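This report refers to the structure that appears directly beneath it.
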Amino acid sequence: MNVNFNNRDPVYVQVVRHFKEQIATGMLEPGQEIPSRRELANKLKINPNTAQRAYKEMEEAGLIHTERNLPSKITRNEKTLGAVREELIAGAVDSFVAAIRPINVSLDEIVGLIQDKYEMESKEEGGYE
Amino acid sequence: MIEVKNISKKYGRKKVLNGVSFTANKGEITSLIGINGVGKTTILNAIMALTPVNSGEILINNEKINKASYEKITFIPDAITMLPQMTIAEAMQFMQDFYESWNQERATELLGFFKLKGSDKISSLSKGNTAKVNLLLGLALDVDFLLMDEPFSGIDIFSREQIAEVFTSHLIEDRGVIITTHEINDIEHLIDKVILLDEGTVIKEFNTEEVRENEGKSVIDVMREVYRT
Amino acid sequence: MTRFLKLVNFELGRFMKIYLALIGITIISQIAGVIIKSNSYISRANEAIYEDLVPKEEFFATEGLMSVLQVTRSLWFMGPIALCIAALIFYIFFIWYRDWFGKNTFIYRLLMLPTARIQIFLSKGVSILLMVFGFVAIQLMLLPIESVILKWIVPLDYRIDMTAGEIIQNSYLQTLIPSTFIEFVLYYGAGIMAVFIIFTAILFERSFRLKGVLLGAIFVGMTVLVFFSPILIMEIMQTYYLYPIEIFILEIILGLMLISVSIWTSHFLLKKKIAV
């Protein structure tokens, strides 16, 4: 686990985003155990209080749950997990649109470009999909 | 909690500290930041009663410092506090002889963590390893508060990384840490609280996550604003 | 208490190498002195008696009989003692300043020990005292050994055999090793007082630096004045209304008082004013 944090967003927000990405991409599976706060802090080289804060946020959002002293686990709730994926996609689309709108490109053109790009990258990765 | 209340200190006519006040909590890493020569080290010395102040008061868990306090709070200065002719093992033995809060198990663990050899003489160690021994001697005490003076200065990058790792590990646990530095890069994501000093006073005190969340600024952004104006 | 003893032990250990070297120099030099002085006496005696045909009695009348006493007056004997004294006087200062000097500032560690800081002061004082006693003890053990060596070299009718006690009483050694218990207590009591007062002056310097040098000097001056005040007052007034025994008791009381003042002042300085 290696995350490059930026200095201007709260670290805990970046940690939560990192977890969401991992959940959305299937790196973290439903019900999978996640590291303790201390382990996470150590792995990401962040303040343990920040790791604690991130876990608290995720718990409140229902992304993870902790039973007494057992390790925290990723939720199995399909709805929450689906929402994470949608949220990430929506976020990416938002920033893409915000970046592309000032250039005045038509929707058809964009879709075409995206299609080309996708196919090219798939080929480069040796037909990964 | 460490409460520094309105302390002032003069060296001759020069005022080094001019009404410095702040608090540092247990379980938090508080960083005293300032361009060199703003009295950071003097503040740590004053907290440990290693130098007198002209006015003001310092409380550690609501008490003035006394001999028993040294089992609860320790200070890791930027130079090693043991005799150069001692071996690391002898230095550890010295600590064990005098401190009830010495945790031999943790000391041994740290020795391994830092890849140090007990039989090595302190005078024969590299700068980085000397800093690690210095850190070890402080970290192996079961104290509530740890003060560190520039633990990253003048040592190689790998030693710095290793020392930074300590902060995120169980070695710090729920202790309160005050660390002075003039180089923020190594620890920006590690610290909870920043106290910016200039000309002997606290010019800004903030929580790092709060300033990122509410103002979208990095610690360096805030420093730039404060020191450039 | 155990921590105090550990501190004393630690302080002794820090000077032990030099201390043992000084003891080694003393032993070698004094024994060499006995051998050299004895041999030269014998060769002088032989030369006078057998070559110049001076009668034995006349030789003894001018040269005296050989004894350890003759050796004690030589540089071989007094030299190393002077060296040891000089080293200890130097160390009275260095025992403090070494903690501040160099990159390794051991004073941080000492001041951060979870013990009353006055224990640092007392442990250094006790260390100095123990080292003095150590030297004296070595000297006491050396004297009989030196007598034996002298006996091996010098024939019976050329020498006077003396006990260690006799040697001490007839040489400078009597200042170091007084013959009565009272004198012993007095000499060493005054010594302890002097060491403590110098320590306090050093702590003034360490607390206030340049200003402290002045304060320390004033402190030393005051203590000297107070200690000798009974004698000074009588000299100035030209009235000698106290018996020697009364002055003696007064001096003991003043000495104890000054030791207390010195300890109390040092306690205050270490607690409130000392700076690393």
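From a predicted model like this one, the values you see are computed outputs, not experimental measurements. Just so it is clear: chains get the letters A, B, ... in the order the sequence lines come, proteins before strands, and each one is counted from 1. Note that these values count all heavy atoms, side chains included, but never hydrogens, waters or copies made by symmetry.
Side-chain atoms of B:Ser21 and B:Asn6 include no donor-acceptor pair closer than 3.5 Å. Between the side chains of B:Gln162 and B:Lys132, at least one donor N or O sits under 3.5 Å from an acceptor N or O. Side-chain contact of B:His189 with B:Glu209: a donor-acceptor pair under 3.5 Å is absent, judged by distance alone.
Contact of A:Asp9 with chain B is made through the backbone alone, with heavy-atom distances under 4.5 Å. B:Glu28 touches chain A through backbone and side chain together, each having a heavy atom under 4.5 Å away. Of the atoms belonging to B:Glu188, it is side-chain heavy atoms, and not backbone ones, that fall under 4.5 Å from chain A.
The environment of A:Glu60 atom CD is dense: over 12 non-hydrogen atoms of other residues, nucleotides or ligands sit within 6.0 angstrom.
By number of non-hydrogen pairs under 4.5 angstrom with chain A, the leading residue of B:Ile187, B:Asp192, B:Asp174 is B:Asp192.
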